[in-house]
Novice: 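I'd like to ask you about the structure that follows.
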Amino acid sequence: MSAVTLTNLKPAEGYCEKEVLRYAGCKEPTEEICELIKVCYEELEDRLTYRLCYRKLSLEISDDHCDFGCFSVRSRDLAKNLKGCKSVIVFAATVGVATDRIIARYNRVSPARALIMQALGAERVEALCDEFCKTLAAEYNTRPRFSPGYGDLPLAVQKELFAALECYRHIGISLNESLLMAPSKSVTAFVGIY
Amino acid sequence: MRFLEYLNRGKVYLDGGMGTLLQGRGLKSGEQPELWNISHPTEIREIHKAYYDAGSNVVCTNTFGANLLKFTEDKLVEIIAAAVENAAAARAESTAPQEKFIALDIGPTGKLLKPLGDLDFEEAVKVFAKTVEIGAALGVDLIMIETMNDSYETKAALLAAKENSTLPVIVSNAYGENGKLMTGADPAAMVAMLEGMGADALGANCSLGPEQLTGVAEELLANASVPVLLKPNAGLPKEVDGKTLFDVTPAEFAECLARLIEKGLRIAGGCCGTTPEYISALYKRTADITPPPCPKKNFTVVSSYTHAVSFGKTPLLIGERINPTGKKRFKQALAEKDMDYILSEGINQQEKGVHILDVNVGLPEINETEMLCAAVCELQAVSDLPLQIDSADPVAMEAAMRRYNGKAMINSVNGKAESMAAVFPLVKKYGGLVTALTLDENGIPATAEGRLEIAKRILQTAEEYGIDKKDIVFDTLAMTVSADNKAATVTLDALKRIREELGCHTVLGVSNVSFGLPNRDAINSIFFTLAMENGLSAAIMNPYSADMEKAYYCFKALKGLDENCGDYINAAAGFATVTTAATSVPKAEDCDGTELQRAVVKGLKDKAAELTKEMLKTTPPLDVVNNDIIPALNKVGSGFEQKTVYLPQLLMSAEAAKAAFEVIKATVTTEGKSASGGTFIIATVRGDIHDIGKNIVKLLLENYGFDVVDMGKDVPPEAIAKKAVELHAPIVGLSALMTTTVPAMEETVALLKEQAPWCKTIVGGAVLTEDYAKKIGADKYAKDAMEAVRYAEKLLKN
């Protein structure tokens with residue numbers, strides 16, 4: 001078990017249009033939609049504040065019980081994902097509150113823009129996670145990342161994850177009573193190391 | 001000696017890190033350090049004493065997270081009592097010669113406040129109030145609010161400290177690498193708000209080392225009139241052999257802070273990673289340095305939760321459009337509590353380049369306190385401009401000032417004794433820049449001399465309340481020139497004299513001058529120019545007026561207030577008069593039909609509005625709706641149902657249609673709304689804060705002519721049922737995105753069945769299915785917005 005580490009990682013600038021369209025629920029974009037995404041990104045770009053913290057934890061699995069030392073959880077799917085791993089990296093990532101503010105703003109005046117901003121925020125925070133997992137993969141043999149809410153991994157595990165990572169203190173993510181993260185464009189996940 | 005007395009003499013040394021030292025003594029990860037006050041008093045006392053021995057004047061109690069969100073009230077009392085006792089014991093044991101004080105330490109709650117998070121502002125005030133109340137009764141010397149990374153939570157804590165004690169309060173924020181708080185405020189914005197509320201000192205701590213925080217400290221020193229504090233980390237944490245180490249040595253730490261003390265820093269200490277060794281090094285290195293005196297800055301500023309706006313050479317623009325006076329459409333919006341309309345006025349004015357938004361929602365038939373509060377909070381969720389709270393009702397004014405995140409502009413006080421007695425205490429308590437009208441019990445003086453005299457009297461009274469001259473701007477009252485041909489010159493004379501003789505800033509609502517005259521913009525813009533030439537600091541004006549815009553940018557360029565005429569050149573692109581022969585909407589293979597139909601299908605908002613305006617000259621409104629807008633919407637809607645059109649396009653079309661409807665609404669201004677089938681109540685259920693889906697359904701329903709009452713997100717079942725009964729609503733739409741909030745939806749459906757049995761419920765959201773909807777007793781599951789529209793049509797239009 002080790003202490004929480006902060007990184008200065010950033011994904012490459014720009015965005016993956018295909019992913020943004022996927023998050024926006026759009027298979028075949030019109031010219032106007034692609035233009036709208038471009039305009040929205042220009043507005044969003046300077047407001048993105050990428051932050052990520054992580055911590056290495058020990059791991060013991062018995063059946064569907066995953067024990068990380070400072071907390072444990074029952075999940076068949078996570079246990080399957082982490083099978084054969086000796087330790088695990090838990091991490092939390094966010095693009096910051098300004099994205100939520102801009103989504104809130106357009107939610108009131110332009111649902112189309114709100115939808116695109118939402119999709120861009122999701123694409124950006126996932127891009128940050130991808131970047132982080134890439135750096136991990138360069139150092140360790142890693143499993144694909146696995147987040148609370150996937151499969152049978154209960155959302156309730158967020159509470160323990162947040163305590164272990166001290167997310168609010170380190171990168172400003174807090175958890176509300178419905179176990180939702182604020183800022184909303186945030187991700188937490190487990191990455192198994194074998 | 002009292003703490004403030006000591007502080008006023010010179011430097012104050014704070015203590016260093018606590019958490020890292022406790023970990024070294026065996027505190028486990030996840031264990032609450034505050035409980036160690038009770039379980040490990042010896043260890044805590046040792047650490048406090050070591051800091052006193054190293055030279056600290058102030059030791060902070062080990063109560064960083066001691067609040068009602070983490071502990072029960074009984075436990076909290078026990079923890080804080082033990083913490084203060086530990087600090088007092090250390091103080092008694094230490095033989096170091098310096099003055100020693102104990103600060104009640106208050107850290108953040110760990111929860112984000114609304115609207116970003118789910119903690120209500122007043123709830124946060126209550127949480128901090130309890131900690132303050134307990135600590136203040138135990139005889140601490142001061143309160144230290146620290147590591148706050150959100151301006152709103154900082155305000156809640158400071159307000160609680162001020163309302164529940166008379167102790168000195170020092171406030172310290174955690175700034176990130178970008179020099180801002182996590183929620184966006186820069187140092188100048190924090191100075192404006194904290195000094196306005198009466199913080200005795202302010203500064204920065206945690207997050208970074210002394211080198212990286214130097215910029216923030218310098219910015220604080222450049223803006224603050226009260227003493228500035230810095231309590232940095234021992235650099236950045238590094239992991240070595242599973243242990244966290246910090247990369248700045250005590251000597252380097254002391255050196256860096258010494259440089260800042262030479263520049264005026266008055267209060268210094270350390271945060272994470274620092275130890276008594278660091279404080280000792282700091283003390284030894286800086287004991288002989290006398291910081292230069294901290295001059296009073298006399299800056300006239302307002303702030304939002306991100307930035308401060310200062311009054312200076314360049315005149316500022318205050319958008320006047322959020323005000324019902326003389327605006328039918330705005331009155332209608334207020335009466336219908338149509339917050340979206342009010343918010344879009346705010347956003348549009350911001351896009352026009354105003355610096356501050358005036359907010360006036362006073363109408364005789366509405367509850368102004370409620371409405372003003374809601375408008376201020378909601379505007380602050382969508383715009384980062386500072387607001388001018390504009391109300392004649394001190395109760396409404398106070399409620400809005402309390403909730404405001406930043407230092408607001410207040411409109412207004414005047415020379416009447418009653419007005420000053422009502423407004424000045426509010427300004428003193430919450431902070432603010434107040435607009436003072438030069439009128440009194442005898443009305444508005446006819447001469448400049450008379451208005452100047454009132455201004456002097458207002459300044460004098462303000463001083464008695466402890467309000468600085470810099471926090472008052474004078475409005476010398478623009479009067480109608482058509483009623484009195486000297487009106488404008490008197491106003492301008494008074495303006496000039498107040499600016500020059502009293503050295504105060506000025507503001508004018510310029511539009512009044514032209515009342516009763518044709519082509520008002522022409523007069524307004526020239527009067528505006530004359531006023532700026534006579535020393536006007538800010539104008540309350542209509543930013544949509546091209547004449548006003550021209551006057552402003554030309555003035556700036558000509559007076560040397562616009563580097564390279566950059567702002568003028570940018571603005572000039574928009575000066576061109578309205579294009580008459582605009583480019584037509586191109587035909588597309590997938591859409592023939594009229595031009596307006598194509599504009600809606602392609603989602604061209606501005607074009608759709610423009611075309612509608614044009615068509616209304618020759619075509620009855622109802623024909624435009626039935627022959628153009630609705631067919632276009634249907635085309636996109638059925639495309640969506642057949643999966644040839646996707647959600648973003650559906651929304652863009654809906655917005656274009658809405659823009660067209662807005663034009664029709666403004667032209668027709670009929671009584672009542674549409675000839676629709678009835679009221680549709682819509683809400684996101686309790687516990688759920690996702691509202692994009694709900695807003696999409698709302699937009700489409702509005703397009704199809706339904707009256708939609710939007711109750712927002714996180715709405716309790718009781719409130720929804722109450723509204724359904726009150727409006728005898730035939731249909732209620734509920735949205736939930738998460739499995740955890742479906743029970744709240746079920747509860748709402750059941751309550752509606754019981755209290756409003758006539759009412760149909762329609763549900764939707766990511767986690768719902770047809771079966772699930774049936775299981776919770778809903779009348780209808782809609783998989784998307786179009787299906788909700790079709791169902792409502794079937795139900796209500798028959």
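All chains are named by letter (A, B, ...) in the order of the sequence lines, taking the proteins before the strands, and each is independently numbered beginning at 1. All values below were derived from every heavy atom in this structure, side-chain atoms included, with hydrogens, water molecules and symmetry-related copies excluded.
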Novice: In terms of heavy-atom proximity below 4.5 Å to chain B, should Ser184(A) be classed as side chain, backbone, both, or neither?
Specialist: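 Neither; nothing under 4.5 Å.
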Novice: Would you say Glu45(A) has more than 12 foreign heavy atoms packed within less than 6.0 Å of its CD?
Specialist: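 Counting neighbours around CD of Glu45(A), more than 12 heavy atoms of other residues, nucleotides or ligands fall under 6.0 Å, so yes.
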Novice: Is chain B contacted by the side chain of Arg169(A), its backbone, both, or neither, given a heavy-atom distance below 4.5 Å?
Specialist: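 Just the side chain, heavy atoms under 4.5 Å.
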Novice: Can you tell me which of Asn149(B), Thr147(B), Leu699(B), Asp150(B) forms the most heavy-atom pairs within a distance under 4.5 Å of chain A?
Specialist: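 Looking at each option in turn, the highest pair count goes to Asn149(B).
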Novice: So what's closer than 4.5 Å to chain B heavy atoms on Ile37(A): side chain, backbone, both or neither?
Specialist: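 Looking at Ile37(A), nothing touches chain B.
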Novice: Leu36(A) versus chain B, heavy atoms under 4.5 Å apart: side chain, backbone, both or neither?
Specialist: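 Looking at Leu36(A), just its side chain touches chain B.
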Novice: To the nearest 0.5 Å, how far apart are CG in Leu647(B) and SG in Cys26(A)?
Specialist: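 Here the interatomic distance stands at 8.5 Å.
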Novice: Between Ser110(A) and Glu655(B), does any side-chain donor sit less than 3.5 Å from a side-chain acceptor?
Specialist: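 Yes - a donor-acceptor pair under 3.5 Å links their side chains.
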Novice: So which part of Leu115(A) gets closer than 4.5 Å to some heavy atom of chain B, the side chain, the backbone, both or neither?
Specialist: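 For Leu115(A), backbone and side chain are both near chain B.
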Novice: Below 4.5 Å from any heavy atom of chain B, which atoms of Gln118(A) appear? Answer side chain, backbone, both or neither.
Specialist: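 It is the side chain, since no backbone atom gets that close.
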Novice: In terms of heavy-atom proximity below 4.5 Å to chain B, should Ala163(A) be classed as side chain, backbone, both, or neither?
Specialist: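 Looking at Ala163(A), nothing touches chain B.
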Novice: First locate atom CG of Leu116(B), then atom CZ of Arg101(A), and finally report the distance between them rounded to the nearest 0.5 Å.
Specialist: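 Nearest 0.5 Å value for the CG-CZ distance: 5.0 Å.
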Novice: Please determine, among Glu177(B), Gln23(B), Lys643(B), Gln350(B), the option with the most heavy-atom pairs under 4.5 Å with chain A.
Specialist: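 Heavy-atom pair counts peak at Gln350(B).
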